[in-house]
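Here's the structure, in structure tokens; my notes come after.
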Amino acid sequence: MNQRKLGRRDFLRMSAASSVALGGCAPLSQSTTTDFKKIAIEEAFVTQDIADEWDKILAAGAPGEPGFRKMGESILADSPGTRLIHQRLIDLGAGRIADMDATDIDMQVISITSPGVQVFEPELGRDLAQDANDVLSRAVQEHPDRFAGLAALAPQIPEAAALELERSINTLGLKGALINSHTKGEYLDDRKYWPIFEAANALKVPIYLHPRTPGNGMIEPYLDYGLYFAGWGFAEETSLHALRLIMSGVFDEFPDLKIILGHMGEGIPFYLQRIDNRYLLQVRIGAVDEMAKLPSEYFKDHFVITTSGVAQESSLQLSIDELGAERIFFAADYPYESVEEMVGSINNANLSDQDKAQIFHSNSERLFGLSV
Ligand code: MN
């Protein structure tokens, strides 16, 4: 899988390497080693049972799930590519570990792929989440030095989801949970979902807020041009969800609650100053209630972000400037992205060894209590 044509990125990499070799202008702070332990924390799997139930929903036209229906018609349509992705999603053993070895990944923190169990009727979602967590836990127990896991939860029955989170941490040994943004068009700022946050807060485990297609109330103008998908709609949906959580006051209620956002914080680090500035205007005119802290302060106190799917150094540097390297975590988004490109984007970035070590592994070791 390493046999491929050289692209522009390879050329730039070679140019940078030869410039260093010739005593060129590499800054003193930039590291030269690429020998970091690497923990990737947004790495996907699915069970065959969940995939089969998705197929049933898609065959029925996915009523009430226009974004999922659109994915079924396009990006999920049967092809050699989707069959390979499916095979990689299902594999929690030798095939996955071989891919990790080939791409220099020491550990994956594995979670259910989008849209997970959130498109199902409540009881089915609850049962399939429990089963997926059992499957993932067994894989982690078989390969404790290579895999860790985040629980799938079905917010459709909030109290059951909270209990499942507790079981996943205390009995199954998982390290947190992952929720694929909206559930039937609803967001987790709705207080009926707060038992999930109460449990996460008490257990002191993070919740990964992962994208899916935009919620039913916003998806219409995203459906054509492919904008509902990962290039834009996913980030719009998930950043909105994150800001709804901040504005809802959930972090005042649960001070130890930590949320992980992928895809370089779904764009939020770029906008922090403007979000604060216009929030303050709305407070001044009485349009929104004043919160104990600024939106950017809640973001820095309660969110961390990952590099999944973003190989743009300027975005990485901006995120470090705004948040600090201690809030940036490496993720590859296996099996959807090029892991080599994701690893290379950190290795080749103009960062100190200390920053790279934090991003590649020590932040994750601290957040999840991992010993690799
Ligand atoms: Mn992902």
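Sequence positions, counted from 1, serve as the residue numbers for this chain. Values reported hereafter were calculated over all heavy atoms of this structure, with side chains retained and with hydrogens, waters and symmetry mates removed.
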Quiz item: What's the shortest heavy-atom distance between Y193 and P155, and which atoms?
Solution: CE2-O, 3.2 Å
Counting only pairs under 3.5 Å, give me each side-chain donor-acceptor contact of residues 216-231, with atom names and distances, residues two or more places apart or in other chains.
residue: N216; atom: ND2; partner: G64; partner atom: O; Å: 2.6
residue: Y222; atom: OH; partner: E236; partner atom: OE1; Å: 3.1
residue: Y228; atom: OH; partner: S74; partner atom: OG; Å: 2.6

Practice problem: For the pair M264 and I305, evaluate side-chain contact (heavy atoms from CB on, under 4.5 Å) and give the outcome as yes or no after the intermediate values. | Solution: CA-CA 6 Å; M264 219 60 93; I305 73 171; 4.3 Å; yes
Quiz item: Does the salt bridge (charged side-chain N to carboxylate O under 4.0 Å, His left out) test come out yes or no for K37 and E365, once each step is laid out?
Solution: CA-CA 11 Å; K37 185 193 305 175; E365 288 164 342; 2.8 Å; yes
Practice problem: Answer whether the closest heavy-atom distance between the side chains of L92 and R138 falls below 4.5 Å. | Solution: no
Quiz item: Below 4.5 Å, heavy atoms only, C-beta onward: do L367 and I260 meet side chain to side chain?
Solution: yes
Practice problem: Would you check, one step at a time, whether the test side-chain contact (heavy atoms from CB on, under 4.5 Å) holds for L188 with V250? | Solution: CA-CA 9 Å; L188 297 166; V250 71; over 6 Å; no
Quiz prompt | Salt bridge R96-E43, side-chain N to carboxylate O under 4.0 Å | solution = no
Quiz item: CD of E73: more than 12 outside heavy atoms within 6.0 angstrom?
Solution: yes
Quiz item: Would you say D131's side chain and D127's backbone share a donor-acceptor pair under 3.5 angstrom?
Solution: no
Practice problem: Check whether any side-chain N or O of Y336 sits under 3.5 Å from a backbone N or O of A44 as a donor-acceptor pair, and report yes or no. | Solution: no
Quiz item: Does one hydrophobic cluster hold both L163 and L203, with members joined at side-chain heavy-atom distances below 4.5 Å?
Solution: no
Quiz prompt | From CA spacing to verdict: side-chain contact (heavy atoms from CB on, under 4.5 Å), L174, L150 | solution = CA-CA 6 Å; L174 301 180; L150 301 179; over 6 Å; no
Quiz item: Aromatic ring centroids of F303 and F251 under 6.0 Å?
Solution: yes
Quiz item: Take atom CZ in F270; do more than 12 heavy atoms of anything else shown fall under 6.0 Å from it?
Solution: no
Practice problem: Identify the two heavy atoms, one from I112 and one from A132, that lie closest to each other, and give their separation to 0.1 Å. | Solution: CD1-CB, 4.1 Å
Exercise. Mind listing the closest non-hydrogen atom pair of S168 and N133 along with its distance?
Key: OG-ND2, 3.5 Å
Exercise. Scan side-chain atoms only and decide if D321 and Q317 contain a donor-acceptor pair under the 3.5 Å cut-off.
Key: no
Self-check item: Check: Y334 main-chain N/O paired with R88 side-chain donor or acceptor under 3.5 Å
Solution: no
Exercise. Please tell me if the side chains of V205 and K175 come closer than 4.5 Å, counting only heavy atoms from C-beta onward.
Key: no
Quiz item: Can any side-chain N or O of R146 pair as donor or acceptor with the backbone N or O of Q108 at less than 3.5 Å?
Solution: no
Practice problem: Kindly compute the distance separating CZ (R327) from CG (D301), expressed to the nearest 0.5 Å. | Solution: 7.0 Å
Quiz item: Are the side chains of S345 and L316 in touch, meaning some heavy atoms are under 4.5 Å apart?
Solution: no
Quiz item: Hey, mind stepping through E186 and K192 against salt bridge (charged side-chain N to carboxylate O under 4.0 Å, His left out) and telling me if it holds?
Solution: CA-CA 11 Å; E186 293 183 349; K192 75 179 180 187; 2.7 Å; yes
Quiz prompt | Heavy-atom neighbours of R244 CZ exceed 12 at 6.0 Å | solution = no
Exercise. Classify the side-chain pair Q141/S137 by whether it contains a donor and acceptor separated by less than 3.5 Å.
Key: yes
Quiz item: Under 3.5 Å, is there a donor-acceptor pair between the side chain of E237 and the main chain of G215?
Solution: yes
Exercise. List for me each residue that meets ring pair (Phe, Tyr, Trp, His ring centres under 6.0 Å) alongside F147, sequence neighbours excluded, and say none if there are none.
Key: H143
Practice problem: For the residue pair H210 and H263, categorise the inter-ring angle as parallel (less than 30°), tilted (30 to 60°) or perpendicular (more than 60°). | Solution: perpendicular
Quiz item: Taking all non-hydrogen atoms of both residues, which atom of A154 and which atom of A161 are closest, and how far apart?
Solution: O-CB, 3.5 Å
Quiz item: Would a 4.5 Å heavy-atom cut-off, applied to side chains only, mark R212 and E65 as touching?
Solution: yes
Quiz prompt | Point-to-point distance, once rounded to the nearest 0.5 Å, from OG1 of T307 to CD1 of I41 | solution = 8.5 Å
Practice problem: Mark yes or no for whether N363, through its side chain, and A325, through its backbone, hold a donor-acceptor pair below 3.5 Å. | Solution: yes
Quiz item: Hey, is the main chain of D189 close enough, under 3.5 Å, to the side chain of S248 for a donor-acceptor pair?
Solution: no
Quiz prompt | For E322 against K300, the heavy-atom pair lying closest together | solution = O-CE, 3.3 Å
Quiz item: Is the closest side-chain heavy-atom distance between T103 and V343 below 4.5 Å?
Solution: no
Quiz item: Would T213 and M71 satisfy side-chain contact (heavy atoms from CB on, under 4.5 Å), going step by step from the backbone distance to the final call?
Solution: CA-CA 8 Å; T213 52; M71 284 190 69; 3.6 Å; yes
Quiz item: Does H86 have any ring pair (Phe, Tyr, Trp, His ring centres under 6.0 Å) partners at least two apart in sequence or in another chain, and if so, which?
Solution: none
Quiz item: Is any side-chain heavy atom of I39 less than 4.5 Å from a side-chain heavy atom of F360?
Solution: no
Exercise. Not counting sequence neighbours, which residues clear ring pair (Phe, Tyr, Trp, His ring centres under 6.0 Å) with Y187? List them please.
Key: H241
Exercise. Could you tell me whether the side chain of D256 and the main chain of N201 form a donor-acceptor pair under 3.5 Å?
Key: no
Quiz item: Between OG of S79 and CG of L84, what distance do you get to the nearest 0.5 Å?
Solution: 9.5 Å
Quiz item: Between CD1 of I85 and OG1 of T82, what distance do you get to the nearest 0.5 Å?
Solution: 8.5 Å
Quiz item: Regarding Y208 and T306, is there a side-chain donor-to-acceptor distance under 3.5 Å anywhere?
Solution: yes
Quiz item: In terms of hydrophobic clusters joined by side-chain contacts under 4.5 Å, are I246 and L281 together?
Solution: no
Quiz item: Is the count of non-hydrogen atoms from other residues, nucleotides or ligands lying under 6.0 Å from R83 atom CZ greater than 12?
Solution: yes
Quiz item: Linking I/L/V/M/F/W/Y whenever their side-chain heavy atoms sit closer than 4.5 Å, directly or via other members, would F368 and L172 fall into one cluster?
Solution: yes
Acceptor/donor pairs from residues 114-126 side chains to any protein atom, 3.5 angstrom cut, sequence neighbours excluded:
residue: S114; atom: OG; partner: P211; partner atom: O; Å: 2.9
residue: Q118; atom: OE1; partner: N180; partner atom: N; Å: 2.6
residue: Q118; atom: NE2; partner: N180; partner atom: O; Å: 3.1
residue: Q118; atom: NE2; partner: S181; partner atom: O; Å: 3.0
residue: Q118; atom: NE2; partner: H182; partner atom: O; Å: 3.2
residue: Q118; atom: NE2; partner: T183; partner atom: OG1; Å: 3.0

Quiz item: Who passes side-chain hydrogen bond (donor to acceptor under 3.5 Å, both in side chains) against D134, sequence neighbours left out?
Solution: R167
Exercise. May I ask you to test the D104-K38 pair for a side-chain heavy-atom distance under 4.5 Å?
Key: yes
Quiz item: So, the side chain of S239 versus the backbone of I268: is there a donor-acceptor pair under 3.5 Å, distance only?
Solution: no
Exercise. Keeping the roles fixed (side chain from D91, backbone from Q87), state whether a donor-acceptor pair exists under 3.5 Å.
Key: no
Self-check item: Q312 side chain to S315 side chain, donor-acceptor N/O pair below 3.5 angstrom
Solution: yes
Quiz prompt | A40 versus A332, closest heavy-atom pair with distance | solution = CB-N, 4.1 Å
